[in-house]
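Worksheet: the structure to be examined is printed underneath.
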Amino acid sequence: MLPPDFYQSPTLTLARSLIGKVLVRAHEGRQLKGRIVEVEAYHQDGDRAAHSYSGQTRRNAVMFGPPGFLYVYFIYGMHYCMNVVTEEDGVGAAVLIRALEPLEGIETMRALRGPQIKTRDLTNGPAKCCQAFAIDRKADGWPLNGSQLFLEDSEPLATNPIGTSKRIGITKSTELPWRFYVKDNIFVSKHPQAIL
DNA sequence: GCTACGATGACCT
DNA sequence: GGTCATCGTAGCA
C-alpha cells in the first residue's frame, strides 16, 4: 500500500492543523498549557516507521480506534511519547506531539521535569512533553476533549509560517516529509533541512 | 522462552 | 560530535 496523499489525507491535514493549537492538562488542581509547535504524522499505509504498519497489537490498539483519542507508548526503557489518533475506526494512524511552547503552569512543568531545567528545555522533545505534562501509560486512550486533557481554541498563528521536513529519530521510511513545525520557534526540538 | 532494538534524552568532550 | 541508560514489545523459535 502506498502512503496516503500528502494534501488529502486526514492524518496529514490534521497534523498541520494541530500546529498552533493549545494543549491543556489538568493536573493536581493546576492547569498546564502549551502551544503545539512541532508534530509528526504516522500512518499504517506505506509508512514502515509507523507502529501500526504491521497491524494491530495490544500496544497500538488505540491507534486503530476512532480519532480524537491519545495514543501513549513507552520507549527506550524510560520515556513516554503521546500521539493524537487521526483516522476512522479500523485505520491505524496518529500524529506525534514532538514539542510545545510552555504557556501556563511552567513552574509545575519544571517540578515534573527537574528544578534546574531551563524553560526552553521543558518541552522541546516528545518525551519531554509527556514528562512536563504528567502523561504516562495511564493516559493511553484518553479522549482529547476530556476533563484531564483537551485542546483549546486558539488564535491563528500571526507570523511564523509552518515548516515541513523529514521526520526525526527513525530508520525506516525516512523519505516521507511528514514533520511539521513552527518556523523560528525556539521550542522546536531540532532543525533538520526544511523541505517546503 | 529468547533476543534485538527502538517515533529519546542527559551528559560528556 | 559521541556514549549510554533501561525495559516493553514484537518477532521468532
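For the numbers below, each heavy atom of this structure counts, side chains included, while hydrogens, waters and symmetry mates do not. Throughout, a chain's letter reflects where its sequence line sits, starting with A, and its residues are numbered from 1.
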**Prompt:** Would a line drawn from the ring center of A:Tyr71 to the ring center of A:Tyr73 be shorter than 6.0 Å?
**Reply:** yes

**Prompt:** Ring centres of A:His79 and A:Phe74 under 6.0 Å apart?
**Reply:** no

Remember a base hit wins even if backbone is also touched, and classify [X] as base, sugar-phosphate or nothing at under 4.0 Å, heavy atoms.
X: A:Ala127; value: sugar-phosphate
X: A:Arg98; value: sugar-phosphate
X: A:Arg137; value: sugar-phosphate
X: A:Met63; value: base
X: A:Ile170; value: sugar-phosphate

[N] phosphate, OP1 or OP2, under 4.0 Å from [X] side-chain N/O:
X: A:His79; N: C:dT6; value: no
X: A:Arg113; N: B:dG9; value: no
X: A:Ser54; N: C:dG11; value: yes
X: A:Arg59; N: C:dA10; value: yes

Within this structure, what is the [atom1]-to-[atom2] distance between [X] and [N], rounded to whole angstrom?
X: A:Ile117; N: B:dT8; atom1: CD1; atom2: P; value: 18 Å
X: A:Met78; N: C:dG8; atom1: CE; atom2: P; value: 12 Å
X: A:Ile75; N: B:dC5; atom1: CD1; atom2: P; value: 13 Å
X: A:Ile135; N: B:dA7; atom1: CD1; atom2: P; value: 20 Å
X: A:Arg58; N: C:dT9; atom1: CZ; atom2: P; value: 8 Å
X: A:Arg167; N: B:dT8; atom1: CZ; atom2: P; value: 11 Å
X: A:Asp47; N: B:dA7; atom1: CG; atom2: P; value: 11 Å
X: A:Asn60; N: B:dA7; atom1: CG; atom2: P; value: 12 Å

**Asked** Does A:Tyr76 make a side-chain donor-acceptor contact with the base of C:dA5, cut-off 3.5 Å?
**Response** no

Are [X] and [Y] ion-paired here, with the side-chain N under 4.0 Å from a carboxylate O?
X: A:Glu40; Y: A:Arg98; answer: yes
X: A:Asp121; Y: A:Arg110; answer: no
X: A:Glu152; Y: A:Lys33; answer: yes
X: A:Glu38; Y: A:Arg179; answer: yes

**Request:** Please answer whether C:dG8 and A:Phe74 are stacked, defined here as ring centres separated by less than 5.5 Å and planes angled under 30°.
**Result:** no

**Item:** A:Tyr181 and A:His191 side chains, donor-acceptor separation under 3.5 Å
**Value:** no

**Request:** State the pairing partner of B:dC11; accept Watson-Crick or G-U wobble contacts with both distances under 3.5 Å, and report none otherwise.
**Result:** C:dG2

Within the sub-3.5 Å range, which N or O atoms of nucleotides 11-13 of chain B have a protein N or O partner, and how far apart are they?
none

**Prompt:** Taking for each residue the nucleotide of DNA chain B with the nearest heavy atom, is it A:Thr171 or A:Lys128 whose nucleotide lies nearer the 5' end?
**Reply:** A:Thr171

**Request:** Give a yes or no on whether the backbone of A:Cys129 and the side-chain of A:Arg113 come within a donor-acceptor separation of less than 3.5 Å.
**Result:** no

